[in-house]
Protein chains: 2
Amino acid sequence: MQLNNTSKYAIRILSYISNKGQCSAKELSEKLSIPYKFLTKITTELVKADFILSIRGREGGYKLSRESCNITIMEILKHFNEFNHQKECLLGIGMCDGKNKCGMHDQWAKPKKMIQDMFENTTIENLEKNSYKI
Amino acid sequence: MQLNNTSKYAIRILSYISNKGQCSAKELSEKLSIPYKFLTKITTELVKADFILSIRGREGGYKLSRESCNITIMEILKHFNEFNHQKECLLGIGMCDGKNKCGMHDQWAKPKKMIQDMFENTTIENLEKNSYKI
DNA sequence: GTTTAATTCTACCTTTTAGTAGTATTTAAC
DNA sequence: GTTAAATACTACTAAAAGGTAGAATTAAAC
């Protein structure tokens, strides 16, 4: 019941960039304690997905490609396959809906809704500032 | 944001045994569509953790070692390391508490509590009957 | 007491996730 | 135009999760 590392890193990276305006991969790696090579792999992915834009060459770095209030956590998680849309029931094997319930379908319904709403309504702007310090 | 396979299987196994009273690994494997060898690995673990007891030899099988209403989902999940107790914040790096917050600490608090309560208050007895059919 | 159907043990293989290494490309500064 | 500091690309390695294989042990049934 946790996010995978890539998703976690992505959120923290976007949050840091948002607070700094622009910054290099080197700075991100050091401040967020994310292995440099792994970090650039993720940032490259974030560029392709248009969350950030890259400035190459000397004095380069990354910037948000949109306003932080327009980047929801849900969007990030979906990009990194954290939500499989349909079946996302806890024990979900095959299709799990109102008719074909998994064992925990009813109990899971409320918390699930709450989490989804939270991820949809939370944007990079809303995140605790300086959370990267932890 | 899903349980790992082992935890899912464990819950479904216990649910099935609960409904059947006693059953063999072969039956569990077939009815729950869990690979036989992987299933027995999990049941052996469930025996050691005293969720079930095994009856060896011919006509053997597994039984719950306690009443189904006394086995909470939380207990199962904790056994399979689904909850790391302390830091379980979404982005949680290092310790994440009221003073040292991860970026999503505040937003995550409510859904997290809701999920934990749900897992603690849900027992094997409460699960949808025949959920294994899916 | 032999057989048979069951659980248990040890060791291995496969897939996915996480992380590393090295080189190529870009571009501002000088 | 050379240099230096940055990102991007390709390919590999390591660790964890998921799954398999085969032989050993147990005990009811006959």
Side-chain angles (χ1 to χ4, degrees), chain A residues 1-13 16-17 20-65 77 79-82 84 91-93, chain B residues 1-13 16-17 20-65 77 79-82 84 91-93:
Chain A
M1 293 301 294
Q2 266 210 322
L3 303 178
N4 61 42
N5 272 4
T6 306
S7 303
K8 288 187 206 173
Y9 287 161
I11 293 169
R12 292 171 61 220
I13 289 166
Y16 189 92
I17 295 175
K20 273 292 255 188
Q22 179 180 333
C23 65
S24 70
K26 186 159 176 282
E27 177 178 352
L28 283 166
S29 168
E30 285 166 359
K31 292 290 171 56
L32 301 183
S33 300
I34 301 174
Y36 179 80
K37 287 289 191 179
F38 194 40
L39 178 126
T40 57
K41 193 184 245 181
I42 297 170
T43 50
T44 299
E45 185 61 30
L46 289 172
V47 169
K48 283 180 184 162
D50 195 38
F51 287 107
I52 57 179
L53 50 87
S54 70
I55 299 142
R56 296 187 68 158
R58 199 164 163 162
E59 306 287 297
Y62 302 101
K63 276 183 181 174
L64 292 191
S65 59
L77 297 183
H79 186 80
F80 289 101
N81 292 317
E82 199 75 51
N84 288 354
L91 307 177
I93 328 107
Chain B
M1 294 301 294
Q2 267 211 320
L3 303 177
N4 61 43
N5 271 4
T6 307
S7 303
K8 288 187 207 173
Y9 287 162
I11 294 170
R12 292 170 61 218
I13 289 166
Y16 189 91
I17 295 175
K20 275 290 258 192
Q22 179 180 333
C23 64
S24 70
K26 184 157 176 286
E27 177 178 352
L28 283 166
S29 167
E30 285 167 358
K31 290 291 171 57
L32 301 183
S33 300
I34 302 173
Y36 179 80
K37 286 290 190 178
F38 193 41
L39 178 126
T40 57
K41 193 184 244 181
I42 298 170
T43 50
T44 300
E45 185 62 30
L46 289 171
V47 168
K48 283 179 185 161
D50 196 36
F51 287 106
I52 56 179
L53 49 84
S54 70
I55 299 141
R56 296 186 67 156
R58 195 164 165 161
E59 306 286 297
Y62 302 100
K63 275 183 184 175
L64 292 191
S65 60
L77 297 183
H79 186 80
F80 289 101
N81 292 316
E82 199 76 49
N84 289 355
L91 308 176
I93 328 106

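A note on names: the letters A, B, ... follow the listed sequences, proteins ahead of strands, and every chain is numbered from 1. Reckoned from all heavy atoms, side chains included, excluding hydrogens, waters and symmetry mates.
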- Any Thr40(A) side-chain N or O less than 4.0 Å from OP1/OP2 of dT7(D): no
- Taking only the side-chain nitrogens and oxygens of Tyr62(A), find out if one of them lies under 4.0 Å from OP1 or OP2 of dA8(D). yes
Distance-only donor-acceptor test, [X] side-chain atoms vs [N] base atoms, 3.5 Å:
| X | N | result |
| --- | --- | --- |
| Arg56(B) | dT25(D) | yes |
| Lys37(B) | dG18(D) | no |
| Lys41(B) | dG18(D) | no |

Let me confirm one number: the [atom1]-[atom2] distance from [X] to [Y], rounded to the nearest 0.5 Å.
| X | Y | atom1 | atom2 | answer |
| --- | --- | --- | --- | --- |
| Lys37(A) | Ser29(A) | NZ | OG | 11.0 Å |
| Ser54(A) | Leu46(A) | OG | CG | 11.0 Å |
| Phe80(B) | Glu45(B) | CZ | CD | 5.5 Å |

- Message: If you assign Ser24(B) and Asn5(A) each to the DNA chain C nucleotide with the nearest heavy atom, which residue ends up on the more 5' nucleotide?
- Response: Ser24(B)
How many whole angstroms separate atom [atom1] of [X] from atom [atom2] of [N]?
| X | N | atom1 | atom2 | result |
| --- | --- | --- | --- | --- |
| Glu59(B) | dT26(D) | CD | C1' | 14 Å |
| Tyr9(A) | dT17(C) | OH | P | 15 Å |
| Leu3(A) | dA18(C) | CG | C1' | 15 Å |
| Leu53(A) | dT26(C) | CG | P | 18 Å |
| Phe38(B) | dC12(C) | CZ | P | 19 Å |
| Asn4(B) | dT15(C) | CG | C1' | 15 Å |
| Gln22(B) | dA27(D) | CD | P | 14 Å |
| Tyr36(B) | dT8(C) | OH | C1' | 10 Å |

- Of the options Ile17(B), Ile13(B), Ile34(B), which is the one that meets Thr43(B) in a side-chain contact (heavy atoms from CB on, under 4.5 Å)? Ile13(B)
- Task: Between Val47(A) and Gly57(B), just flag the one whose closest nucleotide in DNA chain D comes earlier from the 5' side.
- Result: Val47(A)
- Touch class at under 4.0 angstrom, heavy-atom based, for Thr6(A) against every strand present: sugar-phosphate
- Query: For Ser54(B), which contact category applies under a 4.0 Å heavy-atom criterion: base, sugar-phosphate, or nothing?
  - Reply: sugar-phosphate
- Message: Salt bridge check, Lys26(B) against Glu30(B): does any charged N sit closer than 4.0 Å to a carboxylate O?
- Response: yes
- Message: Which nucleotide wins on minimum distance to the side chain of Pro35(B), given the candidates dA6(C), dG19(D), dG22(C)?
- Response: dG19(D)
- Note on the structure: Taking dT8(C), dA29(D), dA28(C) as options, the one with an atom nearest any side-chain atom of Arg58(A) is dA28(C)
